[in-house]
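Atoms within each ligand, like the ligands themselves, are counted from 1 in listed order. We use all heavy atoms of the structure for the numbers below, so side chains are in, but hydrogens, waters and symmetry mates are not. The first residue of the sequence shown is numbered 1, and numbering continues consecutively from there.
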Amino acid sequence: MRVAVTGTPGVGKTTATGRVDATLDVVNLNDLVRDEGLTSGTDADRGSLIADLDAVADRLAGRDDVLVESHLAHHLDADRVIVLRCRPDALESRLLERGESAEKAAENAEAEAIDVILSEAVDRHGLDSVYEIDTTDRSPESVAESIEAVLLGEREASAGTVDFTGYL
Ligand code: ADP
């Protein structure tokens with residue numbers, strides 16, 4: 001099974017997937033892109049590398065028992081897509097604590113409030129494959145348990161279960 005764990009930067013993807021007890025290999029897409037040079041250029045505004053998603057897909061071809069985590073993971077083929085969510089004000093605090101700029105923290109909080117990644121995930125994969133998990137006020141271990149429940153087929157697909165538009 002191919003599982004994508006996605007969500008706005010700062011929702012806790014790397015932290016939670018690092019605690020998931022599963023037989024799947026966990027692949028951090030950002031590390032893969034950086035380590036193997038799977039880029040198609042540089043984003044001049046953000047000063048960050050642009051991932052070459054076709055090259056990433058080729059690199060992962062044939063790897064089925066894998067959990068891919070990244071804010072770009074939902075752009076790849078997957079059997080199940082887990083979208084981690086976080087209330088925008090809490091997300092902004094997490095990003096500031098991680099050392100991100102105030103501008104980047106605010107930009108990501110706004111993207112979270114308007115469901116950017118959830119919408120992209122549903123557009124590409126359909127409602128039946130998307131599992132939304134709210135991480136606000138939950139420990140990384142508890143979030144990891146919810147991810148494990150999706151892997152085990154113990155959770156129903158869900159999207160649109162949170163409404164953060166009040167934080168715009
Ligand atoms: P992502 O991989 O989604 O960008 P990270 O895993 O890097 O997010 O987490 C972002 C920041 O939030 C880190 O500083 C991390 O320690 C913190 N964090 C992660 N999960 C939680 C959580 N469940 N509750 C509170 N803080 C968290």
Side-chain angles (χ1 to χ4, degrees), residues 2-22 24-36 38-39 42-43 45-53 56 59-60 66-76 78 80-122 124-125 129-151 154-155 158-164 167:
R2 173 85 70 93
V3 177
V5 176
T6 186
T8 307
V11 291
K13 299 176 294 293
T14 305
T15 307
T17 55
R19 289 163 170 76
V20 167
D21 185 14
L24 304 177
D25 285 340
V26 175
V27 173
N28 177 298
L29 201 61
N30 305 343
D31 289 349
L32 183 73
V33 165
R34 193 189 52 237
D35 295 348
E36 304 204 8
L38 306 177
T39 58
T42 307
D43 182 329
D45 290 340
R46 292 191 166 81
S48 57
L49 294 170
I50 301 170
D52 180 342
L53 290 171
V56 171
R59 178 69 181 71
L60 293 173
V66 73
L67 182 159
V68 181
E69 69 98 349
S70 163
H71 68 292
L72 299 173
H74 59 286
H75 293 298
L76 300 170
R80 294 178 190 169
V81 179
I82 298 172
V83 183
L84 298 188
R85 305 300 308 269
C86 180
R87 208 180 59 225
D89 59 326
L91 180 73
E92 200 164 350
S93 301
R94 286 187 194 178
L95 286 167
L96 291 172
E97 274 166 35
R98 194 172 75 178
E100 307 292 351
S101 68
E103 187 185 2
K104 189 168 178 191
E107 184 185 319
N108 281 307
E110 186 175 330
E112 181 66 358
I114 59 173
D115 299 338
V116 171
I117 289 193
L118 178 73
S119 305
E120 290 175 355
V122 170
R124 166 144 189 172
H125 296 275
S129 302
V130 174
Y131 300 75
E132 191 173 39
I133 296 173
D134 189 358
T135 71
T136 315
D137 299 328
R138 292 183 59 194
S139 69
E141 290 72 23
S142 158
V143 176
E145 280 173 20
S146 293
I147 293 173
E148 286 164 14
V150 173
L151 304 183
E154 293 171 351
R155 250 179 107 105
S158 58
T161 53
V162 301
D163 179 4
F164 294 144
Y167 289 87

Trainee: Can you sort out the partners of Glu120 under salt bridge (charged side-chain N to carboxylate O under 4.0 Å, His left out), two or more places apart, ordered by chain and number?
Mentor: none
Trainee: Using modelled atom types only, decide if a donor and an acceptor are shared between the side chain of Glu132 and the backbone of Thr161 within a distance under 3.5 Å.
Mentor: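 Such a contact is found between Glu132 side chain and Thr161 backbone.
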Trainee: How would you list, by chain and number, every residue that makes a salt bridge (charged side-chain N to carboxylate O under 4.0 Å, His left out) with Glu110, sequence neighbours excluded?
Mentor: none
Trainee: State which residues pass side chain to side chain donor-acceptor pair (under 3.5 Å) with Asp137; sequence neighbours excluded, sorted by chain then number.
Mentor: none
Trainee: Assess whether atom CD of Glu154 is packed by more than 12 heavy atoms of other residues, nucleotides or ligands within 6.0 Å.
Mentor: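 Enclosed: over 12 neighbouring heavy atoms sit under 6.0 Å from CD of Glu154.
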Trainee: Working note: Asp115 + Arg85, criterion salt bridge (Lys or Arg N to Asp or Glu O under 4.0 Å); need CA distance, chi angles, decisive distance, verdict.
Mentor: CA-CA 9 Å; Asp115 299 338; Arg85 305 300 308 269; 2.7 Å; yes
Trainee: Just list the N/O pairs, ligand 1 to protein, that are under 3.5 Å apart, with the distance for each.
Mentor:
from     : atom 1 : to     : atom 2 : distance (Å)
ligand 1 : 2 (O)  : Lys13  : N      : 3.4
ligand 1 : 2 (O)  : Thr14  : N      : 2.9
ligand 1 : 2 (O)  : Thr14  : OG1    : 2.9
ligand 1 : 3 (O)  : Gly10  : N      : 3.4
ligand 1 : 3 (O)  : Val11  : N      : 3.4
ligand 1 : 3 (O)  : Gly12  : N      : 3.0
ligand 1 : 3 (O)  : Lys13  : N      : 2.9
ligand 1 : 3 (O)  : Lys13  : NZ     : 2.8
ligand 1 : 4 (O)  : Gly10  : N      : 2.9
ligand 1 : 4 (O)  : Arg98  : NH1    : 2.8
ligand 1 : 6 (O)  : Thr14  : N      : 3.4
ligand 1 : 6 (O)  : Thr15  : N      : 2.9
ligand 1 : 6 (O)  : Thr15  : OG1    : 2.5
ligand 1 : 7 (O)  : Arg98  : NH1    : 2.9
ligand 1 : 8 (O)  : Gly12  : N      : 3.2
ligand 1 : 23 (N) : Arg138 : O      : 2.7
ligand 1 : 24 (N) : Arg94  : NH2    : 3.4

